[in-house]
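When reading the values below, keep in mind they use all heavy atoms of this one structure, side chains included, and skip hydrogens, waters and symmetry mates. Protein chains get the first letters and strands the later ones, always in sequence-line order, with residue 1 at the start of each.
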There are 2 protein chains.
Amino acid sequence: MRIGELSERTETPRRLLRYYEEQGLIVSNRCANGYRDYDEATVDRVVQIRGLLDAGLPTRIIKQILPCLDKPRAIHFPDATPEMIATLEHERDRMTRRITCLARNRDAISEYLEAVVNGPGAGR
Amino acid sequence: MRIGELSERTETPRRLLRYYEEQGLIVSNRCANGYRDYDEATVDRVVQIRGLLDAGLPTRIIKQILPCLDKPRAIHFPDATPEMIATLEHERDRMTRRITCLARNRDAISEYLEAVVNGPGAGR
DNA sequence: TCAAACCATCACACAAGTGTGAAGGTCTAC
DNA sequence: GTAGACCTTCACACTTGTGTGATGGTTTGA
């Protein structure tokens, strides 16, 4: 599919799709006329990238973790250098910390909202 | 305490503490000589702010949700305008989405790492 | 009293993600 | 063949969170 369709289906500006490609997060084939051509799987990948970006990961890190998420895992074993493994472990831990922080704060918000809808009287 | 101590205890550059104050995320009293004076609770607050920033929330949003997290909840009921409640619900949902995304990707990383340490042979 | 270690404000700069528009090529349909 | 809707690259600019340094006041200890 071309960039316009990918843009619509992922609700992502074309500008950013080109940027993600520039950063090495997605790839595209080129048609004879120079147009980018994406395959179906790119849709999910873009959604995933956007989610991770929104969760505070920079493209540099996203680029490193994306290959681990592909299905035929065995293919990627050769790239598994010790440094890479260390990076992944570090990022995994950092994500866990982010999750903990988000969950705690979200729960506090929920609690607050509950208290509010129950009326000020119920809070004491 | 003064900014130097707060900086050390929160591992946060002074520059950023002043920035957070400028954005209305923390407050300080001023000593006679103009030095900032923080109270004990600011330590936790700064840590919380940094966690949320790292999880992708902008200061503008953090500023809005921080008041809900204070202990004596009843004090803040007057500010609970309908728009404020809508904002909070929206941010709560967004945080949930972030958590889901982070958890899924973190689990995939964990899975990958497990496969790697078990050796390529175990992956098939 | 003088140095060192704090503190203050101000300002310029940078990276990352994103917005926007210019200038131009390609394809489709009337 | 021309208009409109696509696509291309390039470039300039904005925002946000940070880094860094200049310039100067205050406090503390030798």
Side-chain angles (χ1 to χ4, degrees), chain A residues 1-39 42-43 45-66 91 94 97-98 101-102 105, chain B residues 1-39 42-43 45-66 91 94 97-98 101-102 105:
Chain A
M1 89 198 66
R2 287 178 306 183
I3 200 170
E5 186 183 340
L6 182 61
S7 170
E8 273 187 19
R9 289 174 61 183
T10 60
E11 293 179 319
T12 304
R14 287 145 230 248
R15 169 73 172 91
L16 291 186
L17 295 174
R18 299 196 184 99
Y19 175 69
Y20 298 155
E21 180 174 334
E22 189 181 303
Q23 301 303 308
L25 303 184
I26 56 177
V27 292
S28 67
N29 303 313
R30 293 298 180 125
C31 303
N33 56 15
Y35 289 9
R36 266 166 261 256
D37 184 44
Y38 299 99
D39 55 68
T42 312
V43 176
R45 176 152 287 214
V46 169
V47 170
Q48 190 173 27
I49 290 168
R50 303 218 93 204
L52 290 171
L53 277 174
D54 185 59
L57 280 77
T59 54
R60 198 191 108 254
I61 300 298
I62 296 176
K63 182 179 176 180
Q64 289 185 292
I65 71 176
L66 272 182
E91 291 304 323
R94 198 152 167 211
R97 283 198 299 276
R98 270 189 261 245
C101 173
L102 284 170
N105 283 280
Chain B
M1 88 198 65
R2 286 179 307 182
I3 200 168
E5 185 184 341
L6 183 60
S7 169
E8 273 188 20
R9 289 175 61 184
T10 60
E11 293 179 320
T12 305
R14 287 145 231 248
R15 168 75 172 88
L16 291 186
L17 295 174
R18 299 195 186 100
Y19 175 68
Y20 298 154
E21 179 173 334
E22 190 183 301
Q23 301 302 309
L25 302 184
I26 56 178
V27 292
S28 68
N29 302 313
R30 293 298 180 126
C31 303
N33 56 14
Y35 288 10
R36 267 166 261 255
D37 184 43
Y38 299 98
D39 55 68
T42 312
V43 176
R45 175 150 290 212
V46 169
V47 170
Q48 190 172 27
I49 289 168
R50 304 218 94 205
L52 289 171
L53 276 174
D54 185 59
L57 280 76
T59 53
R60 198 191 109 254
I61 300 297
I62 297 176
K63 182 179 175 180
Q64 288 186 292
I65 71 176
L66 273 181
E91 290 305 323
R94 199 154 167 209
R97 283 198 300 276
R98 269 188 262 245
C101 173
L102 284 170
N105 283 281

Legend entry - Separation of dC7(D) C1' from Asn29(A) CG (nearest whole Å): 16 Å
Inset, instruction - To the nearest Å, give me how far apart CD1 (Ile49(A)) and P (dG17(C)) are. - result: 11 Å
Inset, instruction - In whole angstrom, give the distance that lies between atom CG of Leu6(A) and atom C1' of dC6(D). - result: 15 Å
Inset, instruction - Let me know the distance between CD of Glu5(A) and P of dA5(D), rounded to the nearest Å. - result: 18 Å
Legend entry - Candidates dT9(D), dC6(C), dT9(C) - which lies nearest the side chain of Arg18(A): dT9(D)
Inset, instruction - Tell me whether the OP1 or OP2 atom of dA8(C) has a side-chain N or O from Arg36(B) closer than 4.0 Å. - result: yes
Inset, instruction - Find the bend of the helix from dT1(C)-dA30(D) to dC30(C)-dG1(D) as the angle between its two terminal axes (five pairs each), to the nearest 10°. - result: 10°
Inset, instruction - For Glu21(A), enumerate each residue passing the side-chain hydrogen bond (donor to acceptor under 3.5 Å, both in side chains) test, keeping only those at least two apart in sequence or located in another chain. - result: Ser28(A), Arg36(A)
Legend entry - Rounded interatomic separation in angstrom, taking CZ from Arg30(A) and C1' from dC7(D): 10 Å
Inset, instruction - Determine whether more than 12 heavy atoms belonging to other residues, nucleotides or ligands lie under 6.0 Å from atom CD of Gln23(B). - result: yes
Inset, instruction - Tell me, please, which residues at least two apart from Tyr20(B) pass side-chain hydrogen bond (donor to acceptor under 3.5 Å, both in side chains). - result: Arg50(B)
Kindly list each side-chain donor-acceptor pair under 3.5 angstrom involving residues 56-65 of chain B, sequence neighbours excluded, with atom names and distances?
none

Inset, instruction - Would you kindly give the CD1-to-P distance between Ile3(A) and dT26(C), to the nearest whole Å? - result: 17 Å
Legend entry - Per-nucleotide protein contact string for nucleotides 25-30 of chain D (B base, S sugar-phosphate only, - none; heavy atom under 4.0 Å): BBS---
Inset, instruction - Sequence neighbours left out, what passes side-chain contact (heavy atoms from CB on, under 4.5 Å) with Val27(A)? Give chain and number order. - result: none
Inset, instruction - Take nucleotides 13-23 of chain D nucleotide by nucleotide from the 5' end and write B, S or -, depending on whether a protein heavy atom sits under 4.0 Å from the base, only from the sugar-phosphate, or from neither. - result: ---SBBBB---
Legend entry - Thr42(A): partners by side-chain hydrogen bond (donor to acceptor under 3.5 Å, both in side chains), with sequence neighbours left out: none
Inset, instruction - Identify, with sequence neighbours excluded, every residue that meets side-chain contact (heavy atoms from CB on, under 4.5 Å) alongside Ser7(A). - result: Arg14(A), Leu17(A)
Legend entry - Spacing of CG belonging to Leu25(B) relative to CD belonging to Gln48(B), to within rounding of 0.5 Å: 10.5 Å
Legend entry - Arg94(A): salt bridge (charged side-chain N to carboxylate O under 4.0 Å, His left out) partners, not counting sequence neighbours: Asp54(B)
Legend entry - side-chain contact (heavy atoms from CB on, under 4.5 Å) partners for Asn29(B), two or more places apart: Asp37(B)
Legend entry - salt bridge (charged side-chain N to carboxylate O under 4.0 Å, His left out) involving Glu5(B) - partner list, sequence neighbours excluded: Arg9(B)
